[in-house]
Amino acid sequence: MSYTLKSNTYQIEISDLEDSSFQDFMLVNYANSRKIIIVDENTNEYCLEYLITTYDFLKDAEIILIPEGEDSKVIDLCAQIWDTWTDYQIERNDVVINLGGGIVSDVGGFAASVYKRGLDFINIPTTLLAMVDASVGGKTGVDLGKYKNQLGLFVDPKAVYVDIAFLQTLPIGEIYNGFAEMLKHGLIVNAKHWEDLSILVEVEQEITIEHIYTSLSIKNGIVLEDPFEGGLRKKLNFGHTIGHALEGHFSIKDPISHGYAVALGILAESFISFKKNFITLSELNEIERVMLSNYESIDLSDENLNDIFQLMKNDKKNEKQKILCVLLIGIGQSIINQEISEQEVLESLEYLNRLHQEEKKLEIK
Ligand SMILES: NC(=O)c1ccc[n+]([C@@H]2O[C@H](COP(=O)([O-])OP(=O)(O)OC[C@H]3O[C@@H](n4cnc5c(N)ncnc54)[C@H](O)[C@@H]3O)[C@@H](O)[C@H]2O)c1
């Protein structure tokens, strides 16, 4: 099975890598370029060998190995990469292949886009989250302190190759990280996708290439209409306003993953949608049921909820000091630029905590 999507300036192929146009694309466009492959510790171990032993043109590639995890998404690490490229005498027509999850594609895409005013880069995502989200859409960037993606650029990759075989070695927790973004895709614009994904747990079935293709089509379709996030693209931020604040809040003492933070953000922002009478109680209950059957609730009882709210004040999506959020107006429908108040945010965090207390009570019974 193989699928192709056209984005603004590049093509996304979803198939076995060996059945894709990867080899031809590289030979046509980069025959005389030096190849740089960026990996992290895990993709170095699980994914790199396949790539360099399958493709002769990659056997002499320069390998840039970065530590795994969000701590690598910093400007200091990019500076080390740029120093290395300078030592290697990397030139403007050389090409970078980002082989990894969202960390590798964010760091690699950003480092490539800035170096000598821009090297070409290609994404080969190896996590579910990167396959359905981070590898497409042209956003690259790094964090600044506890503020996520504070420094970055919109730059398209030259091509994206999605091969779900890479998921075989991915830990299950990482599958759930990507799954949160897929559920979000359904909730914001496609009720059928939400429905298809929401029954997977009940019927004990796995995510398929078709599910990945549908999610990618949703993301790509939105990005095509609004590449620089002037309007429609903001829909993709559903779950991320509160999600990012939770991720930032916990980042220092007890980090939670991006996908889990988004899942919690989806719950909190659905609650605000309900409080504003945009969705019904039965819709909220359905979202609650699906999210909690896939993700644990979180204990916020010892947290300073106001600290989480303060983080939201620095969100890039804010305008004129107002916290703007995407809210649901039904399952499969959403609305952008909704102002949310401090009280609504705090109530939604209390709601998350209440869900946790209720789950704990059920466990004790
Ligand atoms: N640019 C964008 O549009 C965009 C969109 C969404 C998320 N992001 C960013 O993506 C990042 C998260 O990405 P992620 O969830 O892919 O995390 P990640 O890149 O850290 O990967 C998760 C873990 O899986 C490991 N891994 C990757 N591929 C593997 C494989 N095939 N087998 C075994 N282990 C493997 C990694 O080493 C890491 O430990 C966040 O920083 C987020 O902000 C960016």
Side-chain angles (χ1 to χ4, degrees), residues 7 12 17 37-51 65-74 77 98-113 121 123-144 146-157 160 162-182 184-185 215-216 218-220 222-223 227-229 233-234 236-240 243-248 251 255-263 265 315-316:
S7 202
I12 305 159
L17 194 57
I37 305 177
I38 305 193
V39 285
D40 72 7
E41 290 147 307
N42 291 313
T43 58
N44 181 47
E45 183 170 348
Y46 299 116
C47 313
L48 181 64
E49 191 179 335
Y50 162 71
L51 207 66
L65 171 61
I66 66 172
E68 73 84 38
E70 189 77 28
D71 288 353
S72 283
K73 247 180 81 165
V74 287
L77 189 115
N98 296 317
L99 179 67
I103 302 293
V104 168
S105 55
D106 273 4
V107 169
F110 179 70
S113 308
F121 67 94
N123 290 335
I124 303 184
T126 62
T127 63
L128 182 61
L129 183 130
M131 289 182 187
V132 298
D133 192 358
S135 67
V136 300
K139 281 188 183 176
T140 71
V142 294
D143 304 334
L144 187 64
K146 53 185 175 176
Y147 297 107
K148 292 256 314 159
N149 305 320
Q150 195 80 341
L151 309 172
L153 301 162
F154 282 101
V155 185
D156 280 343
V160 178
V162 177
D163 182 347
I164 64 169
F166 286 119
L167 297 180
Q168 282 163 13
T169 53
L170 194 68
I172 185 71
E174 296 300 337
I175 297 282
Y176 279 103
N177 280 339
F179 193 56
E181 298 289 352
M182 297 176 79
K184 174 200 77 181
H185 289 146
S215 261
L216 259 173
I218 291 171
K219 169 140 191 196
N220 187 51
I222 291 176
V223 169
F228 302 114
E229 206 164 291
R233 184 169 179 164
K234 293 182 187 171
L236 293 167
N237 294 326
F238 178 60
H240 286 62
H244 272 167
L246 287 168
E247 196 178 352
S251 63
I256 59 173
S257 69
H258 177 74
Y260 179 44
V262 168
D315 195 287
K316 288 182 298 303

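Computed from a predicted structure; not experimentally measured. Note that ligands are numbered from 1 as they come in the structure, with each ligand's atoms numbered from 1 the same way.
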State if G137 counts as touching ligand 1 under the rule of any non-hydrogen atom under 4.0 Å.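 Outside the 4.0 Å threshold, so no.
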
Any K219 heavy atom less than 4.0 Å from ligand 1: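 Contact check K219 vs ligand 1: positive.
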
Pick from G102, S135, P171, P67: the one approaching atom 11 (C) of ligand 1 most closely through a non-hydrogen atom: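 Considering heavy atoms of G102, S135, P171, P67, the nearest to atom 11 (C) of ligand 1 sits in G102.
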
Would you mind finding which of D40, V223, D163, L99 brings a heavy atom closest to atom 37 (O) of ligand 1?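 Heavy atom nearest to atom 37 (O) of ligand 1 belongs to D40.
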
Would you check the N or O atoms of K139, main chain and side chain alike, for any that come under 3.5 Å of an N or O of ligand 1?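 Yes, there is a polar N/O contact under 3.5 Å.
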
Please confirm whether V104 comes within less than 3.5 Å of ligand 1 when only nitrogen or oxygen atoms on both sides are compared.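 No; every N/O pair is 3.5 Å or more apart.
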
Between N123 (side chain) and P125 (backbone), is there a donor-acceptor pair under 3.5 Å?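 No, N123 side chain to P125 backbone: no donor-acceptor pair under 3.5 Å.
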
Numbered atoms and elements of ligand 1 in range of D106, under 4.0 angstrom, heavy atoms: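 It comes down to these atoms of ligand 1: 1 (N), 2 (C), 8 (N), 9 (C), 44 (C).
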
Looking only at the side chains, is there a donor atom on one of E49 and N44 sitting less than 3.5 Å from an acceptor on the other?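 Distance-only check fails for E49 and N44.
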
V104 and N98, any side-chain heavy atoms less than 4.5 Å apart: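 The answer is yes, as the side chains (C-beta and beyond) meet within the 4.5 Å cut-off.
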
Does some side-chain heavy atom of H240 sit less than 4.5 Å from a side-chain heavy atom of K148?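 Contact flag for K148/H240 side chains = no.
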
Is the ring pair H244/H258 parallel, tilted or perpendicular, if the boundaries are 30 and 60 degrees?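 H244 and H258: tilted rings.
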
